[in-house]
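Chain letters run A, B, ... following the sequence lines, proteins first and then strands; every chain starts at 1.
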There are 2 protein chains.
Amino acid sequence: MGRTEVEQFLNNQKKNIEEQLPTYISQLSAPNIIKDAMHYSLEAGGKRIRPLLLVGTLHSFGKDESIGLPTACAIEMIHTYSLIHDDLPSMDDDDLRRGKPTNHKVFGEAVAILAGDALLTYSFQIVSESLGDQISPEKKLLLVTELAKASGPEGMVGGQVADMEGEGAVLNLDELEYIHHHKTGKLLAYSVIAGAILADATSEQLEKLTQFAHHLGLAFQIRDDILDIEGTEVVLGKPVGSDTGNHKNTYPALLSLEGAKEKLTFHIDEAKRFLYSVDMKHDILDYMCNLIASRDH
Amino acid sequence: MGRTEVEQFLNNQKKNIEEQLPTYISQLSAPNIIKDAMHYSLEAGGKRIRPLLLVGTLHSFGKDESIGLPTACAIEMIHTYSLIHDDLPSMDDDDLRRGKPTNHKVFGEAVAILAGDALLTYSFQIVSESLGDQISPEKKLLLVTELAKASGPEGMVGGQVADMEGEGAVLNLDELEYIHHHKTGKLLAYSVIAGAILADATSEQLEKLTQFAHHLGLAFQIRDDILDIEGTEVVLGKPVGSDTGNHKNTYPALLSLEGAKEKLTFHIDEAKRFLYSVDMKHDILDYMCNLIASRDH
């Protein structure tokens, strides 16, 4: 596919995902306030990078992207729950997320905590029930197991804890990479892996795609840190320099802005090297590498 | 089994569960602080009613109880995560739980929130990975789906939200039962259902056992409300009358103490009626009905 078709593909898939997410919420039999709170943060926008990585991977293997839609939505729910909990007063204490008031500013802390819990729990239901008999129980079970690993104490939650513990301390590059590999990288990697599992990838392909996603995840985080210095508040939807203000460990702080940019290029190059080592289509995922390397929000 | 053997069975099973829980935590590769926080609340004691209902159900069907141990531990993790989040300052703001400082009093709010998230997520991993090939993928997947339903927005989390919303208002009996059916009942019911699924129960047996667990769950909650009035602080591990102090809706407040006691007897009788309608052993679950009806903490 050419650049325009790739962009059209991603726009269409993003539209599918954003139509499906509220459907999952509206069909719930639950108190309205919790449905509203779940819905509020799910529809707050965002790039939908994770679900797009999943359907992009299915496309790469020449598979029907629609079989990945439930799992793609589940991943976005997990990502969204993590943002709701991260923004809480006892965590990052953020009032704005993507230019809108954070969940607890609108619904209060208690409902925000429960909306996060609900999104997390519901995501496992969605994966385990997805598409009835179209996906084998073995495959669904693997998707559940890997999702729990990627987002639990050995994955995203572990990274979040390490990040909090690192605040105030000066970390070295290994420690910083540990944090981001877990906090951001594992769920990004799962997005690719889930697509590959659904596409019946071989274990060798899974291994290479894990490496691809690992480097892509670090690149994503480094770009985030660079944006925090170079971005504008309007585009970012959060105050520029908020990371520095909170004394967070960032790549530019550790490596200088130039060094961070070099590191970004390195990880994007590595990601592409692993991507192209897998025998499949590369157009969508290659485009997504470039998107992540150059995104302005 | 006679009463002594039943008690011995339950004590042995409780010991197994309490030995397995810390093993699940210690084998995690995660920052120590989150493992400590997860461990702290898991080992804070409690009656282990839910996991015991699961293994008790397996016993009733004449099955090896050990096949239920992973799922039993997962249920206890979900229950424990819900207590950690319920106790948070923005929720019930409790300083004591089972006579010990609550999780956030020891580890701080941020770690407490994350420890809850970690326990919730890890529980799905434990169920989906449990016992390798000894349990079929179909069965494990059903266990995952039902666990998510019982504990998510259509289950426990939904009940917790309804409970919070009902505070300050005067509820009728239907509204109060909705809250407890979801907040407490669904996970208790899941404990029985999970045992029945693992024991290859028929759908008719599952239906009857769901009714059994529904009444048992309501009885459990009514006893809780009665204890809050009649109990002593030392035995309960929390201040007596704390529900009344917080203007919570309770059965005694709605039906008088006598009326609540009658309701308790009604639900225990109904639970036993459904229990005995299933062709299996009844000794353990009958004993657990009596235990729940008469427990003093």
Side-chain angles (χ1 to χ4, degrees), chain A residues 25 28-31 33-35 37-38 78 81-82 85 88-91 104 108-129 136-149 151-162 164-165 182, chain B residues 25 28-31 33-35 37-38 78 81-82 85 88-91 104 108-129 136-149 151-162 164-165 182:
Chain A
I25 304 305
L28 283 172
S29 166
I33 184 80
I34 191 82
K35 291 169 70 170
M38 293 164 84
I78 298 247
Y81 118 75
S82 78
H85 281 190
L88 287 167
S90 59
M91 308 273 269
H104 65 271
E109 269 185 75
V111 172
I113 292 169
L114 291 165
D117 295 344
L119 286 167
L120 171 56
T121 313
Y122 192 31
S123 69
F124 286 101
Q125 184 181 336
I126 289 172
V127 174
S128 68
E129 290 193 314
S136 74
E138 287 82 359
K139 227 180 242 187
K140 287 190 208 174
L141 202 60
L142 187 56
L143 289 174
V144 166
T145 307
E146 295 301 318
L147 180 59
K149 284 186 187 169
S151 48
E154 297 192 307
M156 189 178 71
V157 173
Q160 175 67 12
V161 172
M164 279 168 31
E165 285 209 290
H182 288 77
Chain B
I25 304 304
L28 282 173
S29 166
I33 183 81
I34 190 83
K35 292 170 68 170
M38 294 165 83
I78 298 248
Y81 118 74
S82 78
H85 281 191
L88 287 166
S90 59
M91 309 272 272
H104 65 271
E109 269 185 74
V111 171
I113 292 169
L114 291 166
D117 295 344
L119 286 167
L120 170 56
T121 314
Y122 192 31
S123 69
F124 286 101
Q125 184 181 337
I126 288 171
V127 174
S128 68
E129 289 192 316
S136 73
E138 286 82 358
K139 226 180 245 187
K140 286 190 208 174
L141 203 60
L142 187 56
L143 289 175
V144 166
T145 307
E146 295 301 318
L147 180 59
K149 285 186 185 168
S151 49
E154 298 192 306
M156 189 178 71
V157 173
Q160 174 67 13
V161 172
M164 279 170 28
E165 285 210 289
H182 289 79

Colleague: Which atoms of Leu120(A) are under 4.5 Å from chain B, going by heavy atoms: the side chain, the backbone, both sets, or neither?
Modeller: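 The side chain, not the backbone.
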Colleague: With a 4.5 angstrom heavy-atom cut-off, could you sort out which part of Glu146(A) is near chain B: side chain, backbone, both or neither?
Modeller: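 Nothing of Glu146(A), per the 4.5 Å heavy-atom cut-off to chain B.
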Colleague: Does any backbone or side-chain atom of Leu119(A) lie under 4.5 Å from a heavy atom of chain B? Answer side chain, backbone, both or neither.
Modeller: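 For Leu119(A), there is no contact with chain B at all, as no heavy atom is under 4.5 Å.
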Colleague: Under a 4.5 Å cutoff for heavy-atom pairs, which residue among Ala110(A), Ala30(A), Gly108(A) has the most contacts with chain B?
Modeller: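 Maximum pair count with chain B is reached by Ala110(A).
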Colleague: Rounded to the nearest 0.5 Å, what separation is found between the CZ atom of Phe124(B) and the OG atom of Ser123(A)?
Modeller: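 Between atom CZ of Phe124(B) and atom OG of Ser123(A) there are 7.5 Å.
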Colleague: Can you name the closest pair of heavy atoms from Ala118(B) and Pro153(A) and give their distance?
Modeller: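 Smallest interatomic distance, heavy atoms only, reads O-CD, 3.8 Å.
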Colleague: Do you know which of Lys35(A), Met38(A), Met91(A) has the most heavy-atom pairs under 4.5 Å to chain B?
Modeller: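 Of the candidates given, the most pairs with chain B belong to Met91(A).
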Colleague: Out of Lys140(B), His182(B), His85(B), return the one with the most heavy atom pairs under 4.5 angstrom to chain A.
Modeller: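 Maximum pair count with chain A is reached by His85(B).
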Colleague: Please state whether the side chain, the backbone, both or neither of Leu141(B) comes within less than 4.5 Å of a heavy atom of chain A.
Modeller: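 For Leu141(B), heavy atoms of backbone and side chain both lie under 4.5 Å from chain A.
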Colleague: Give the member of Pro89(A), Ser29(A), Ser136(A), Gly158(A) that has the highest number of heavy-atom pairs under 4.5 Å with chain B.
Modeller: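 Most heavy-atom pairs under 4.5 Å with chain B: Ser29(A).
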Colleague: Among Gly155(A), Ser151(A), Ser128(A), Gly116(A), which residue has the highest count of heavy-atom pairs closer than 4.5 Å to chain B?
Modeller: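 Answer, by heavy-atom pair count under 4.5 Å with chain B: Ser128(A).
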Colleague: Heavy-atom pairs under 4.5 Å with chain B are the metric here; pick the option from Ala112(A), Pro137(A), Ser82(A) that has the most.
Modeller: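 If we count pairs closer than 4.5 Å to chain B, Pro137(A) comes out on top.
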Colleague: Non-hydrogen atoms of chain B under 4.5 Å away: do they reach the side chain of Met156(A), the backbone, both or neither?
Modeller: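 For Met156(A), there is no contact with chain B at all, as no heavy atom is under 4.5 Å.
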Colleague: Could you tell me which residues satisfy ring-ring contact (aromatic ring centres under 6.0 Å, His included) with His104(B), sequence neighbours excluded, listed by chain and number?
Modeller: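 Testing His104(B) for ring-ring contact (aromatic ring centres under 6.0 Å, His included), a comparison that skips the adjacent residues, returns none.
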Colleague: Test Gln160(B) against Ile34(A) for side-chain contact (heavy atoms from CB on, under 4.5 Å), laying out the working first.
Modeller: CA-CA 10 Å; Gln160(B) 174 67 13; Ile34(A) 191 82; over 6 Å; no
Colleague: Given that the side chain runs from C-beta out, which part of Leu88(B) has a heavy atom under 4.5 Å from chain A: side chain, backbone, both or neither?
Modeller: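 It is the side chain, since no backbone atom gets that close.
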Colleague: Could you give the distance from CE (Met164(A)) to CG (Leu114(B)), rounded to the nearest 0.5 Å?
Modeller: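 Taking CE in Met164(A) and CG in Leu114(B), the distance rounds to 5.5 Å.
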Colleague: Restricting to pairs with a member in residues 112-129 of chain A, which pass salt bridge (charged side-chain N to carboxylate O under 4.0 Å, His left out), not counting sequence neighbours?
Modeller: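 Qualifying pairs, neighbours excluded: Glu129(A)-Lys149(B).
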Colleague: Looking only at non-hydrogen atoms, find the nearest pair between Pro31(A) and Val161(B) and report the distance.
Modeller: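 Result for this residue pair: CB-CG1, 3.9 Å.
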Colleague: Which residue out of Leu142(B), Val157(B), Ile78(B), Leu147(B) racks up the most heavy-atom pairs below 4.5 Å with chain A?
Modeller: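 Of the options given, most contacts go to Val157(B).
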